[in-house]
Structures are given as structure tokens and as C-alpha cells.
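Take a look at the structure below.
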Amino acid sequence: MNRPIQRRRRGFTFIEIMMVVVIIGILLALVGPRLAGRTRQAKISAAKAQIENFATALAAYEMDMGAFPETSDGLKALVTKPGSDDSDSWNGPYLRKSEVPKDPWNRDYNYRFPGENNSDFDLWSDGPDRQAGNDDDVTNWSKSKE
């Protein structure tokens, strides 16, 4: 009785491994550039969400104090009672953190009261290029007004 010789496959061949590497390279070449632009957009979205959170906290501050913080007090008035105010109306802190968060580019948000672009206050981040007054600024006003 002759038995056929059975070959046992012990692993992948070099050609098979190279084909997998080439396929992964092609996928990265196609998908990589699309994902790379998402980081910038995610940071812009985070800045918009943070500005909305500040606006909510500022509204609560205004309800308690009768006015928004002065520009000189800035957003710090949301976490510590302004030194210029002797009233007991401050019911803060109005933010969960003990300090005002920075924007996604690790810079301070800008605050102005009274606002030049809004009837109440202006709040903005200088955006990805960290330069004020550019098209990439993230603001709490519609840029079509500018």
C-alpha cells in the first residue's frame, strides 16, 4: 500500500507576507490622508463645544450677578469671585474645573464685554494658526456679520 505523501504547511510564504504588506500599504495610502484632516476638524469642534459651555456658564453668572463679567475679570470670574465685587450674589464656581480650560491649541480663550459682534459678549479662540482675526478663528458670533 502506497500512501500519498502529505505536506504539512508550517507557515506563510514570503510572497504571501509581501502581499499582505502591499495591501496594508495601499489601504494606508487611501485612508491616511482622509484621517489626517480629522484632527484639525476635531479640535475646531471641541473649541465650539467649549465656547457653548462657557456661554452657558456666563448666562448663569449673569443671572446671579445681574451682568456679565467685565473684560478685565474675563472668564476667570466663572471659577473665582471677582475681587472688584463685594456682593454675595456670586454662586460659583460656574465651571466644573478649578481653572478656566485652554482652547485645543493650548491658548487662552478671548472674552470681551460688552461685545463688538454680539449684543452681550464676544467669546473666541484664535484657532489653529493662533493668530487673531483670521478666518480660522472659532467664535460665538456669525462670521457673516464681519
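Here the CD1-CZ distance, from Ile44 to Arg40, works out to 4.5 Å after rounding to the nearest 0.5 Å. Atom CG of Asn110 is separated from atom CH2 of Trp124 by 4.5 Å, given to the nearest 0.5 angstrom. Once rounded to the nearest 0.5 Å, the distance linking NZ of Lys81 with OG of Ser89 reads 8.0 Å. Glu99 contributes atom CD, which lies 11.0 Å from atom OG1 of Thr80 (distance to the nearest 0.5 angstrom). To the nearest 0.5 Å, atoms OG1 (Thr139) and CD1 (Ile51) are separated by 6.5 Å. Expressed to the nearest 0.5 Å, how far OH of Tyr94 lies from CE of Met65 amounts to 6.5 Å.
In this structure, Tyr109 and Pro104 approach most closely via the heavy-atom pair OH-CD, 3.7 Å. Heavy-atom minimum distance, Asp108 versus Lys102: OD1-NZ, 2.8 Å. Closest of all the heavy-atom pairs between Phe121 and Leu58 is CE1-CD1, 3.5 Å. When all heavy atoms are compared, the tightest approach of Pro82 to Asp73 is CB-OD2, 3.7 Å.
Looking only at distances, a side-chain donor or acceptor of Tyr111 sits under 3.5 Å from a matching main-chain atom of Pro69. No side-chain donor-acceptor contact under 3.5 Å links Asn134 to the backbone of Asp137. Side-chain atoms of Asp136 come within 3.5 Å of backbone atoms of Asp129 as a donor-acceptor pair (strictly under, hydrogens ignored). The backbone N or O of Glu116 lies less than 3.5 Å from a partner atom in the side chain of Asp122, making a donor-acceptor pair. Using modelled atom types, one side-chain atom of Arg130 and one backbone atom of Trp105 make a donor-acceptor pair closer than 3.5 Å. Looking only at distances, no side-chain donor or acceptor of Ser119 sits under 3.5 Å from a matching main-chain atom of Gly115.
A heavy-atom distance below 4.5 Å is not found between the side chains of Pro114 and Phe68.
Taking hydrophobic clusters as Ile, Leu, Val, Met, Phe, Trp and Tyr residues chained together by side-chain heavy-atom distances below 4.5 Å, Val20 shares a cluster with Leu28.
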query = Step by step, would you call Gln50 with Val100 a side-chain contact (heavy atoms from CB on, under 4.5 Å)?
reply = CA-CA 11 Å; Gln50 188 64 54; Val100 178; over 6 Å; no

side-chain contact (heavy atoms from CB on, under 4.5 Å) assessment of Asp126 paired with Asp103 = CA-CA 9 Å; Asp126 293 333; Asp103 71 8; 5.5 Å; no

